[in-house]
Amino acid sequence: MGSGRRRGNAVQRADLVIVANRLPVDRVVEADGSTTWRRSPGGLVSALSPVMNTQEGAWIGWPGDVGEDLAPFENEGMTLVPVSMSAEEYEEYYEGFSNATLWPLYHDLVAKPEFHREWWDSYVAVNRRFAEAAAAVAAEHAMVWIQDYQLQLVPALLRDLRPDLRIGFFLHIPFPPAELFSQLPWRRELLQGLLGADLVGFQLPGAAQNFIRLVRERVGHKTHRDSVYLPDGRMVTAKAFPISIDTAGFTELARSEPVQARAKQIREDLGNPRRIFLGIDRLDYTKGIYARLRAFSELIHDGHFTVEDATFVQVASPSRERVDQYRILRDDIDRLVGHINGDLGRLGRPAISYLNASFPREEMAALYVASDIMVVTPFRDGMNLVAKEYVACRYDDDGALVLSEFAGAAAELKQAYLVNPYDINGMKAQMLEAYRAEEKELAKRMRAMRKTIVENDVANWANNFLADLAAARPGHEKQVKPAKRS
Ligand code: F6P
């Protein structure tokens, strides 16, 4: 483990601080038992590392294990500041309030949210710990950028401790309409938490409008368009910044010889069918995996194609496995895949190849290259980066994307085969159209989608947000009234 960028015992104060639930590294235990940290493959960290390295950046987050206290350390030019979490906090703050209350509430109540007062108390306590860590590490007038639904109270807690900072917040998941959000017993506290920021970013303009309306109705502040006017003279802006991916990085990976060879191998292993359908998701009930597999199986059952013509590869990476709703989903999908393959498969030709596992970026790229039709059908999704990654990998302008209109990505990838994931017949029709489409039609659609993600990649996203945050004036400056003219 690195020693940290420190002066004496103190970590050097940072000009740009990222606060996220997780640190951007994974722990690796070496053969000799020592611990090292490997940069995790996320788009956020690759977008931010150039700015972090030039600006004395620090990243505050949970290191991934409970009940341990780690000192700040250095990793690839970034200071990492671990925030500890007890086993009980992991259950109440992470599995409980974040993933069994907020997650379903913010995703259109696809599952029923649970409201427990002790989960809320834990959420407050852990948010406070993150805010204190940020207050300790941020240089004077630094920019602090807080990420996602697990940390919505940090902006206000941090502002109390450090009014000199420019504070930004970005929500990676949807922000629900007032009618749903209002179920939350702590709705006002949560809105006030977010209002500690100078800039609150969302994936879509509709989410920013939901927030503005709630602030007006539930907190009673004056609002105009994307601005909230606080009684102390501070102004908060709420705006959409649709997140993206490292487009050039994915395209380059897809073109690389090892990925090309692996893609060819995958097609051969699957028996070189005419069309390969692909789904890649976290195993989450918001993703619509069950409905899409049913739709595919019905196309075979109805005789539109056979298991020799087409196969479906579904990768579902394990996620939040101790949360009840996730366990139920896993059992449901296991059963469904068993039924479908039992009914429709032939020897050596399952209708669905189901992999309950996570894969490195290279293998994902090979799957994207190997597949003809990517199927992304969430009931609700903040953005969905898998859809964008698939498009980035189709550098020959081929392949089809079947995409739920309820994924944030649908606002940009308009040339996809758009579907309503609640409408199985509609989904079947679009999957069949993608299956039968002529090359020319596919190329026209893919070319337009590729243009979109080349123009807005993750570096653009981060730069746009940080430029707006830099232009925001922190609270204490706003209160200075202009001198009266004599
Ligand atoms: O989409 C929201 C998100 O929190 C992502 O930021 C993250 O990659 C994913 O869900 C998985 O989250 P978790 O940290 O719960 O494994």
Side-chain angles (χ1 to χ4, degrees), residues 18-27 39-48 59-66 82-83 85 89-108 110-111 119 123 126-127 130 145-152 154 169-176 201-204 207 241-246 280-289 315-327 329-330 356-361 364 376 378-389 404 406-409 458 461-462 465:
I18 303 298
V19 189
N21 181 50
R22 288 182 192 271
L23 283 178
V25 284
D26 297 315
R27 186 195 305 262
R39 188 58 69 82
S40 31
L44 183 61
V45 57
S46 59
L48 292 173
W59 187 305
I60 295 172
W62 176 57
D65 277 310
V66 294
V83 173
M85 206 181 296
E89 285 168 342
Y90 179 78
E91 267 178 47
E92 296 185 346
Y93 148 81
Y94 171 75
E95 295 181 325
F97 199 79
S98 297
N99 289 314
T101 305
L102 293 175
W103 184 266
L105 181 69
Y106 281 29
H107 286 88
D108 280 3
V110 173
W119 289 2
Y123 186 79
V126 174
N127 271 246
F130 275 86
W145 190 5
I146 300 147
Q147 309 288 327
D148 228 354
Y149 64 103
Q150 303 94 343
L151 301 175
Q152 291 172 96
V154 174
F169 178 92
F170 184 77
L171 185 71
H172 291 250
I173 69 172
F175 191 78
F202 297 90
Q203 300 280 21
L204 298 177
F241 297 86
I243 199 170
S244 194
I245 56 159
D246 172 14
I280 299 186
D281 309 81
R282 262 185 324 99
L283 188 45
D284 193 297
Y285 51 81
T286 59
K287 302 291 183 183
I289 300 170
V315 175
S317 47
S319 183
R320 306 170 190 166
E321 288 181 290
R322 301 192 325 168
V323 178
D324 283 347
Q325 299 283 359
Y326 289 78
R327 275 191 237 203
L329 175 76
R330 182 171 175 168
N356 187 221
S358 308
F359 293 105
R361 211 164 160 258
M364 304 266 279
V376 182
F379 295 120
R380 180 60 70 192
D381 211 334
M383 176 54 62
N384 198 292
L385 297 180
V386 160
K388 290 189 172 180
E389 288 171 5
S404 163
F406 304 130
V458 73
W461 168 79
F465 187 95

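Not measured: the values here are computed from a predicted model. Heavy-atom basis, side chains included; hydrogens, waters and symmetry copies ignored. Both counts, for ligands and for their atoms, begin at 1 and track the order of listing.
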Quick one: does H172 get a heavy atom under 4.0 Å from ligand 1?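 Outside the 4.0 Å threshold, so no.
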Q150 heavy atom under 4.0 Å from ligand 1: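 Yes, Q150 has a heavy atom closer than 4.0 Å to ligand 1.
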Heavy-atom distance from atom 12 (O) of ligand 1 to the protein below 4.0 Å?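 So atom 12 (O) of ligand 1 has protein heavy-atom neighbours under 4.0 Å.
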Test item: protein heavy atom less than 4.0 Å from atom 2 (C) of ligand 1: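 Given the 4.0 Å cut-off, atom 2 (C) of ligand 1 counts as touching protein heavy atoms.
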If you look at every heavy atom in A387 and N384, which pair is closest and at what distance?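 Nearest heavy atoms, A387 then N384: N-OD1, 3.0 Å.
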Which label fits F170 and W461: parallel for a plane angle under 30°, tilted from 30 to 60°, or perpendicular past 60°?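 Rings of F170 and W461: perpendicular, as their planes differ by over 60°.
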What I'd like to find out is whether the side chain of F379 reaches to under 4.5 Å of the side chain of K287, using heavy atoms alone.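 Contact flag for F379/K287 side chains = no.
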Compare all side-chain heavy atoms of L283 with those of L329 and state whether any distance is below 4.5 angstrom.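 Answer yes - side chains close enough.
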Derivation of the ring pair (Phe, Tyr, Trp, His ring centres under 6.0 Å) call for F465 and W145: CA-CA 9 Å; F465 187 95; W145 190 5; 4.3 Å; yes
Whether D284 and R320 form a salt bridge (side-chain N of Lys/Arg under 4.0 Å from carboxylate O of Asp/Glu) is what I want to check.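 Between D284 and R320 there is a salt bridge, with a charged N closer than 4.0 Å to a carboxylate O.
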Numbered atoms and elements of ligand 1 in range of [X], under 4.0 angstrom, heavy atoms:
| X | answer |
| --- | --- |
| D148 | 2 (C), 4 (O), 6 (O) |
| Y149 | 4 (O) |
| R22 | 13 (P), 14 (O), 16 (O) |

Would a distance-only check, ignoring hydrogens and angles, find a side-chain to backbone donor-acceptor pair under 3.5 Å from Y326 to P318?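 Judged by distance alone, no pair lies under 3.5 Å.
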Quick one about Q147 and H172 (side-chain donor to acceptor, distance below 3.5 Å, no hydrogens or angles considered), yes or no?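 Side chains of H172 and Q147: pair found under 3.5 Å.
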Ligand 1 and S319, any nitrogen or oxygen pair closer than 3.5 angstrom?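 No, S319 has no N/O under 3.5 Å of an N/O on ligand 1.
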Distance-only N or O hit between ligand 1 and Y94, under 3.5 Å: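 For ligand 1, there is an N or O atom that lies under 3.5 Å from one belonging to Y94.
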Using a 4.0 Å heavy-atom threshold (strictly under), name the region of W103 that reaches ligand 1: side chain, backbone, both or neither.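 The part of W103 near ligand 1 is the side chain, not the backbone.
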Record the part of R282 in heavy-atom contact with ligand 1 below 4.0 Å; permitted values are side chain, backbone, both and neither.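 It is the side chain that touches ligand 1; the backbone stays farther off.
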Among all protein heavy atoms in this structure, tell me which lies nearest to atom 10 (O) of ligand 1, with the distance rounded to 0.1 Å.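 Checked against all protein heavy atoms, atom 10 (O) of ligand 1 sits closest to R320 NH2, 3.1 Å.
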